[in-house]
Protein chains: 2
Amino acid sequence: MKSSQTTIKDIARRLNLSVTTISKALRGMPDISAPTRQLILDTAREMEYEPNPIAQSLVRNQTHTIGVIIPSFTIPFYASAISGIQQTASEAGYNIMVCQSNESYETETNYTRVLLNSRVDGLIVSLARETTNFDHFNRLAERSLPLVLFNRVCDAVPASKVVVDDFEGAYQVVRHLIEMGCRRIAHIAGPANLLLSRQRLQGYQQALQESGLPVCEDFIRTGDLTIASGTRITEDFLKLDTSPDAIFAICDSAAFGAMQTLKSRGLRIPDDIALAGFTDEPVAAIVEPALTTVAQPTFEIGQIAAQLFLDQVRGGESYQPTTQVLKTHLVIRASSQKKSRVS
Amino acid sequence: MKSSQTTIKDIARRLNLSVTTISKALRGMPDISAPTRQLILDTAREMEYEPNPIAQSLVRNQTHTIGVIIPSFTIPFYASAISGIQQTASEAGYNIMVCQSNESYETETNYTRVLLNSRVDGLIVSLARETTNFDHFNRLAERSLPLVLFNRVCDAVPASKVVVDDFEGAYQVVRHLIEMGCRRIAHIAGPANLLLSRQRLQGYQQALQESGLPVCEDFIRTGDLTIASGTRITEDFLKLDTSPDAIFAICDSAAFGAMQTLKSRGLRIPDDIALAGFTDEPVAAIVEPALTTVAQPTFEIGQIAAQLFLDQVRGGESYQPTTQVLKTHLVIRASSQKKSRVS
DNA sequence: ATGAAAGCGCTAACAA
DNA sequence: TTGTTAGCGCTTTCAT
């Protein structure tokens, strides 16, 4: 005996009214008399009626569900960003369905398909590291489905975007390293297909140039944002004839990798070599020495991404994609504060 | 001009067949002739037909969606567990909808309602820290909806459960501390409503008793699993007349808090005071000194939780809840290896 | 082997 | 103000 949920029909039968009347009353349409409406509302509550969103989805052709694709749940940045997305979405009556691409292009396209088949109302996405083809997203635009990119975005897709000012963030932290007396600053870069990699690289270069420091190719190596790439590239740096006196890593993970290598070589941070990252993951404050880094408003990035999504839903065809650029702020910790300079 | 998706009806019209025939052929029912079936399959592919799961849900009364409620996305344990859940669910054709309770009872009940209203096929849950009333979950059983609890479980709910052997894990790590020469081992405990808190506490007590060490009430303080509670409780420990020579924290977060306090007091870890946690978060290997801890198979826990869910779906009414207890393993790092004892 | 008809729970034109 | 009818896309008896 399956105790199925109360439906609009049950209420209609009980009250000897038509389902239409019930439906209208429940949704507060104006053409139902006050007493009838009250009666229906009371009865619905008494019978513990809950509308079936599946049926509503079928007729309205929208699910109130947002598909979200992120590279990985285990990157703290995304954990926080999802929280922000969910909060804003939830307040607007939307559910989210989150999938992780595991940095794989194939998995990303696959989940794009799965989510669309599940009839989500649109997508909020942060690109996989290896994604360089964007056809699967362009197809969204063709169907005029909302799409918002955040953090890992690219130029090739016409969609609303949420990013931080990567250029400025990188510029500031490298300026800081220079002010601390560093003159040979190396950079662990990220995959060139990601806009943020290029912009952080440019901020780094700009800061060097403005201070009259040379931009040396040997001091720039491209990694894949992982701890492992941080350790590997740092080893390379240390093999150079003149090794760097500071390293600016594209992200905190790479910086942690660098930190491991430096420590294992017996180098003192920051006295022998200073270190800085990007994002300000919670761990950055805990490692030793605590990591100087560029803080991003991770939760807020998620909230804004969701908000842009909702705007797009409401704007309909006339909606014009926008790009929101948020500010970062420099967090100076022990890994960059050379004792020799402390006055 | 809305370019709506191809439907079964479109195929029927094109082929001059009934929708019934299309539906049957598409689902591989046996009563369709081979040539017709092939024709339908080919046409469907050509027209890029994708079944509408909303319509299927409506008629089948199941959504192939699992609701997941976790305390927080930003706890690394859950990030990894979700990955496991998603992988297994995904392979079985299920989507997941993940919500975070933020450790709040109210948010947890709220999302339970939201997910049920969204007609998920059941729930996979890890309890909020403050949850002590379980009516919202018992209601699931009444509707005979599948429910799986993991990690943060309780006795009061009749459901399948996935946990690790918390008693044994705690027992082993405390034994290890004793072997390292510690004699005054304190414990930062967790909320008593969580089974895992009680079991880790018991493992701790058992290890002490077996070694003939006293179980001292002053050395046991209950926190809330946070870094902050770790710092606070450690400060309390240090105020005691005889302060501990080791601290076993209920989780890594609490251990990190303890580490901060100890360092700020100038105490050397492990020589002045040894430290151990539970879970083996990625950070545990990075902090200094690296944290001795009890590793949990986080990803696998998620996989098994999803598997139990699927079993329950397939088992139907006759399904009997089971509890899977996974093994932990001790990870010994610098925070517990007293130099004085290294031979 | 194929199809007609009813129905899942709801909304929306259009009547009455 | 209330009700009738049709339909969203699909599955499922039950005929033919």
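In what follows, every heavy atom counts, from backbone to side chain, and hydrogens, waters and symmetry copies are set aside. A quick note: this is a predicted structure, and the numbers were derived from the prediction, not measured. Note on naming: letters A, B, ... go to the chains in the order of the sequence lines (proteins, then strands), and numbering restarts at 1 for each one.
Close to dC8(D), at under 4.0 Å from its OP1 or OP2, lies a side-chain N or O of Lys9(B). When the side-chain nitrogen and oxygen atoms of Arg27(A) are compared with OP1 and OP2 of dA12(C), one or more of them lie within a distance under 4.0 Å. Between Thr21(B) and the phosphate of dG3(C), there is a side-chain N or O to OP1/OP2 separation shorter than 4.0 Å. Here Ser18(A) reaches the OP1 or OP2 of dG3(D): one of its side-chain N or O atoms lies under 4.0 Å away. Under 4.0 angstrom from either OP1 or OP2 of dT11(C) there lies at least one side-chain N or O belonging to Gln56(A).
Distance alone, capped at 3.5 Å, places no donor-acceptor pair between the Arg314(A) side chain and the Gln312(A) backbone. Judged by distance alone, the side chain of Asn151(A) and the main-chain N or O of Ser126(A) form no donor-acceptor pair under 3.5 Å.
In the model, Thr6(B) has no side-chain atom that pairs as donor or acceptor with a side-chain atom of Glu50(B) under 3.5 Å.
One interatomic measurement links the two molecules: CZ of Arg60(B) to P of dT13(D), which rounds to 12 Å at whole-angstrom precision. Protein atom CZ of Arg13(A) is 10 Å distant from nucleotide atom P of dG9(C), rounded to whole Å. Atoms CG (Asn16(A)) and P (dT4(D)) sit 11 Å apart, rounded to a whole Å. Atom C1' of nucleotide dT11(C) and atom CG of Leu58(A) are separated by 10 Å, given to the nearest angstrom. In this structure, the CG atom of Asn61(B) is 7 Å from the P atom of dG9(C), given to the nearest Å. Taking atom CG on Asn52(A) and atom P on dT11(C), their separation rounds to 10 Å, with Å as the unit. One atom, CD of Gln62(A), and another, P of dC8(D), lie 17 Å apart when rounded to the nearest Å. For Leu26(B) and dG9(D), the CG to P distance is 15 Å, given to the nearest whole Å.
Using a 30° and 60° split on the angle between ring planes, Phe150(A) and Phe77(A) fall in the parallel class, below 30°.
Each of Val19(B) and Arg119(B) was assigned the nucleotide of DNA chain C with the nearest heavy atom; the assignment lying further toward the 5' end belongs to Val19(B). Residues Ser23(B) and Val59(A) each lie close to DNA chain D; by heavy-atom proximity, the contact nearer the 5' end of the strand is made by Val59(A).
Between Asp10(A) and Met47(A), some side-chain heavy-atom pair lies under the 4.5 Å cut-off. In this structure, the side chains of Val153(A) and Leu127(A) stay at 4.5 Å or more apart for every pair of heavy atoms.
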**Request:** Apply side chain to side chain donor-acceptor pair (under 3.5 Å) to Arg27(A) and Ser23(A), showing your working.
**Result:** CA-CA 6 Å; Arg27(A) 281 174 302 142; Ser23(A) 174; 2.9 Å; yes
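Taking every heavy atom of residues 29-44 of chain A and every atom of DNA chain D, pairs under 4.0 Å involve Asp31(A), Ile32(A), Ser33(A), Thr36(A), by number.
Arg113(B) has no carboxylate O lying under 4.0 Å from a charged side-chain N of Glu108(B), or vice versa, which leaves the two without a salt bridge. Salt bridge status for Arg14(B) with Glu46(B): present, with a side-chain N to carboxylate O gap under 4.0 Å.
Looking at heavy-atom distances under 4.0 Å, Ile8(A) makes contact with sugar-phosphate atoms alone, never a base. Contacts of Ile54(A) with the nucleic acid, taken as non-hydrogen atoms under 4.0 Å apart, are absent.
Five base pairs at each end of the helix from dA1(C)-dT16(D) to dA16(C)-dT1(D) define two local axes, and these are offset by 50° (rounded to 10°).
Side chain of Lys24(A), nearest nucleotide from dA13(C), dT2(C), dC8(D): dA13(C).
Residues Tyr111(A) and His136(A) keep their aromatic ring centres 6.0 Å or farther apart.
For Thr20(A) and dA12(C), a side-chain-to-base donor-acceptor distance below 3.5 Å is present, hydrogens and geometry of angles not being considered.
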